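For reference, positions follow the sequence shown, starting with 1. Values reported hereafter were calculated over all heavy atoms of this structure, with side chains retained and with hydrogens, waters and symmetry mates removed. Keep in mind the model is a prediction, meaning the values are calculated, not measured.
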Amino acid sequence: MQRLTEQILSHAKGLPEGTPVAAKSLLHLGNRAAVDQALSRLAERGQLLRAGRGVYLLPVTSRFGVRAPSVELAVEAIAAQRGEVIVSSGAAAANRLGLTAQVPARLVYLTSGRSRKMRLGKQIIELRHAPRWQFALAQRPGGEAIRALAWLGPDRAEIALQTLKRKLAPVAFNELVAAAPQLPTWLARSVGKVAHG
């Protein structure tokens with residue numbers, strides 16, 4: 001069993017920072033029960049971090065000590081591994097775009113997969129399932145604007161859109177306008193009013 005844990009640790013150390021280690025990706029090293037047990041042992045010893053059910057991450061060691069990998073890198077890697085779209089929440093997007101001064105207290109991401117929580121060291125990251133329209137223009141500035149507007153809601157969308165029209169690059173704002181047919185009626189109407197009215 002010791003050999004299997006060493007092989008898993010060696011495999012994990014060869015991966016880029018934040019890349020999840022899943023039991024299914026290690027089946028070439030041993031049977032599923034043995035791999036699960038080895039992963040569990042490595043987590044108990046602190047050599048791997050258990051991020052969620054069946055997902056482990058290698059902690060990063062630096063001259064300042066040991067820390068969890070970057071949240072952004074871990075979320076991107078998990079999205080790629082699971083075939084999901086994962087993007088920042090509307091509250092975080094609204095804050096980044098300057099539409100609110102509120103800084104989100106919790107780390108929340110929207111996912112096309114199921115809702116769940118991940119642990120990254122002492123941080124808890126919440127992955128919330130969201131409707132498909134919130135993933136329009138996923139990683140682009142227009143997509144961030146869509147999620148911010150969804151979070152702000154129908155009452156504040158038009159004023160926020162006027163601010164976005166001034167702040168966003170014309171290309172990004174035009175992408176947002178082009179995505180209007182994918183959006184709910186209240187938001188598509190507001191986008192149309194600000195863009196063409």
Is R106 atom CZ crowded by more than 12 heavy atoms from other residues, nucleotides or ligands, each under 6.0 Å away?
no
Side chains of N31 and V35: closer than 4.5 Å at any heavy-atom pair?
no
The reported gap from CG in L49 to CE in M118 (rounded to nearest 0.5 angstrom) is 10.5 Å
Determine yes or no for a side-chain-to-main-chain donor-acceptor pair under 3.5 angstrom, with E17 supplying the side chain and S70 the backbone.
yes
Is there side-chain contact between V108 and R128, with at least one heavy-atom pair below 4.5 Å?
yes
CG (L176) and CG (L161) are apart, to the nearest 0.5 Å, by 6.0 Å
What I'd like to find out is whether the side chain of V85 reaches to under 4.5 Å of the side chain of V87, using heavy atoms alone.
yes
Can you tell if the side chain of I146 reaches within under 4.5 Å of the side chain of F135, non-hydrogen atoms only?
no
Nearest-0.5 Å distance that lies between atom CD in E76 and atom OG1 in T19
10.0 Å
I'd like to know if L73 and Y56 are part of one continuous hydrophobic network [Ile/Leu/Val/Met/Phe/Trp/Tyr, side-chain heavy atoms within less than 4.5 Å].
no
Are the side chains of E126 and L107 in touch, meaning some heavy atoms are under 4.5 Å apart?
no
Considering all heavy atoms of both residues, which atom of V66 and which atom of P59 are nearest to each other, and what is their separation?
CG1-CB, 3.5 Å
Hydrogens and angles aside, do R50 and S40 bring a side-chain donor and acceptor to less than 3.5 Å of each other?
no
L57 and L48, any side-chain heavy atoms less than 4.5 Å apart:
no
CD of E158 to CG of L187, rounded to nearest 0.5 Å, is 10.5 Å
Can you check whether A138's main-chain N or O pairs, donor with acceptor, with R147's side chain at less than 3.5 Å?
yes
Is the shortest side-chain heavy-atom distance between L127 and R114 below 4.5 Å?
no
Rounded to the nearest 0.5 Å, the OG1 atom of T100 sits from the CH2 atom of W151 at a distance of 4.5 Å
Contact check, side chains of R41 and Q47, non-hydrogen atoms, under 4.5 Å
no
How long is the straight-line distance from CG of L120 back to CZ of R67, given to the nearest 0.5 Å?
10.0 Å
For atom CG of L15, is the number of surrounding heavy atoms from other residues, nucleotides or ligands below 6.0 Å larger than 12?
yes
Residues E84 and T111: side-chain donor-acceptor under 3.5 angstrom
yes
